[in-house]
Number of protein chains: 2
Amino acid sequence: MYRSTQKKSAMPERGRPRTFDRTAALRQAMELFWAKGYEGTSIADLTAAMAISSPSLYAAFGSKEALFLEATDYYTRNEGTEIWTALDEAPTACQAIENFLRQTAKAYSQSDRPQGCLIALGALHKDSSSGAICDDLRRRRAENHTALLRRLERGVAEGELPTSFDSDAAATFYATVQHGMSIQARDGASRAALLATVAGAMAAWQGLSGTA
Amino acid sequence: MYRSTQKKSAMPERGRPRTFDRTAALRQAMELFWAKGYEGTSIADLTAAMAISSPSLYAAFGSKEALFLEATDYYTRNEGTEIWTALDEAPTACQAIENFLRQTAKAYSQSDRPQGCLIALGALHKDSSSGAICDDLRRRRAENHTALLRRLERGVAEGELPTSFDSDAAATFYATVQHGMSIQARDGASRAALLATVAGAMAAWQGLSGTA
DNA sequence: CCTTTTATGTAACGATCGATACATAAATAT
DNA sequence: ATATTTATGTATCGATCGTTACATAAAAGG
């Protein structure tokens, strides 16, 4: 019933080789889930976009749920990575947050891709979507919050921010702003509109950090 | 094919009277759509929650889509109304925004109701959900943005805010924060966590308004 | 009374959902 | 050459989707 999902290419090939590019098919599936959500994407939609038959889909990915989980993993590794590198590489916490939000605005408004974030919008209703799907996305969102928290705590550790700075509250605030930007982007907001939100969020920095 | 949907109770009753409370059934439908989204809620789910048969549902509400539209209208008229009265009744724009956000935090974290906002979370994927559904929610979100904008413009007109104040950018920012709070609430955030976001958003006020 | 009108309950419609059985094809292993 | 292993293509599974036909029940209008 279960089969290993990821062959590290070193594995010698037994049996008939597959006639499609597994990674390319996965990318197509990701884009479809990204645009239509988990519930809104059918197997028929997927097989059409991936240009394979349903038995091939199930042989290669296991199930719709497993395919979604693998697609979100692919998404995490390949989309919007500038957002998180910006967070870590900026010299100050303030610049880190601002670059984080600016990269978010940029990534969420790319016209050649679905707008907003797959992690934020892919499956929000636990009662209906497969619980595992919803929990996985929730866990990834929590990881994003943690990444923000770590960067802010680093700012405190480095003396940039006062020890009284509430890193957790600030991380929650900026993560929430980012989530809101996904819905804003889905509503067709321009990049300028997203950047207006970024400006608003950064206007909070002085108040939060107690800096002049 | 079409039938009038809203009898203002003055209409004399012809034919067999319905045996269920239409408004109560609508409220049950609203709660289900609120919890599970449009796509995630099936007719079977609805008839079970409303305690009526599917022919009764169709006779009374027309279709799943029409029922959703009516349910969102009911939601708008009956849920979270404090949010918008707070916006209009506060004496200053600053207090209006803060009360708006605090009422949002309160409404989105009520334990006896689905968390977050039906308008924000009910149908985000236009490609899959009925287009009319998605457009209707989008329109309602735009109306919310407009309400914020009007209140801020009033602050400018009353001299509370400088004429240089960018009401539209600020309205966009605060609307986005509110949308993010819906996702945050869906992730199980406590009321305290939502209020941390409110504090962050209000910390932006000084920077946005140029006030001390 | 009878007709008209509307609601209810049972039962089912065609379409689509996610997922597979089966036979066949193409590769390696012995 | 034969066996083994894996992928493909066709065709379809039972379940559920939103929706409706149909006969019956309960009210008002004539």
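Letters go in sequence order (proteins before strands), and every chain restarts at 1.
- Between T19(B) and dT8(C) there is a side-chain polar atom (N or O) within less than 4.0 angstrom of OP1 or OP2.
- Donor-acceptor pairing under 3.5 Å is lacking for the side chains of R18(B) and S56(B).
- Pairs passing the salt bridge (charged side-chain N to carboxylate O under 4.0 Å, His left out) check and including a residue from residues 184-199 of chain A, sequence neighbours excluded, read D187(A)-R138(B), D187(A)-R141(B).
- When the P atom of dG18(D) is taken as reference, atom NZ of K64(B) falls 4 Å away, rounded to whole Å.
- Distance, I133(A) CD1 to dG18(C) C1': 13 Å, rounded to whole Å.
- We find that CZ of R22(B) is positioned 15 Å from P of dT6(C), with the value rounded to whole Å.
- Between D135(B) and R139(B), none of the side-chain N atoms (NZ, or NE/NH1/NH2) sits under 4.0 Å from a carboxylate O, so this pair counts as no salt bridge.
- Dashed line: the shortest gap from a side-chain N or O of Y58(B) to OP1 or OP2 of dT19(D) is under 4.0 Å.
- In this structure, S130(A) reaches neither bases nor backbone, as no heavy-atom distance under 4.0 Å exists between it and the strands shown.
- In terms of position along DNA chain D, the nucleotide closest to Y38(B) lies nearer the 5' end than the nucleotide closest to the other residue of the pair R16(B) and Y38(B).
- In terms of position on DNA chain C, the residue among L57(B) and P55(A) whose nearest nucleotide sits closer to the 5' end is L57(B).
- The CD-C1' distance, from E13(A) to dT4(D), rounds to 16 Å in whole Å.
- Stem analysis of DNA chain D (at least three stacked-register Watson-Crick or G-U pairs, each with both distances under 3.5 Å) gives C:3-30 with D:1-28.
- Among the protein residues, T47(A) comes within range of no part of the nucleic acid, since none of its heavy atoms lies under 4.0 Å from any strand.
- Checked by distance alone, R18(B) brings no side-chain donor or acceptor within 3.5 Å of a matching partner on the base of dA7(C).
- Between the side chains of D88(A) and T85(A), not a single donor N or O lies within less than 3.5 Å of an accepting N or O.
- Distance check, rounded to the nearest 0.5 Å: CD of E89(B) to CD of Q95(B) gives 12.5 Å.
- The listed nucleotides are dG18(D), dA29(C), dG18(C); the one nearest the side chain of I43(B) is dG18(D).
- What separates CE of M50(B) from P of dG18(D) is a distance of 13 Å, to the nearest Å.
- Atom pair F20(B):CZ and dA26(D):P shows a separation of 17 Å (rounding to whole Å applied).
- Both S63(A) and S54(B) lie close to DNA chain C; mapped to their nearest nucleotides by heavy-atom distance, the more 5′-ward contact belongs to S54(B).
- Residue S56(A) places no side-chain N or O under 4.0 Å from the OP1 or OP2 atom of dA7(D).
- Ion pairing between R102(A) and E98(A) holds under the 4.0 Å rule for side-chain N and carboxylate O.
- When distances run from any side-chain atom of S42(A) to the nucleotides dC17(C), dG18(D), dA29(C), the shortest one goes to dC17(C).
- Where E39(B) and P17(B) each meet DNA chain D at their nearest nucleotide, the meeting point lying more 5' is that of E39(B).
- The aromatic rings of W205(B) and Y174(B) are tilted relative to each other, their planes meeting at an angle between 30° and 60°.
- Rounded to an integer number of Å, the gap from I52(A) CD1 to dT6(D) C1' is 15 Å.
- We find that CZ of F61(A) is positioned 16 Å from C1' of dG18(C), with the value rounded to whole Å.
- Under 4.0 Å is where a charged nitrogen must lie from a carboxylate oxygen, and between R150(A) and E153(A) at least one such pair does.
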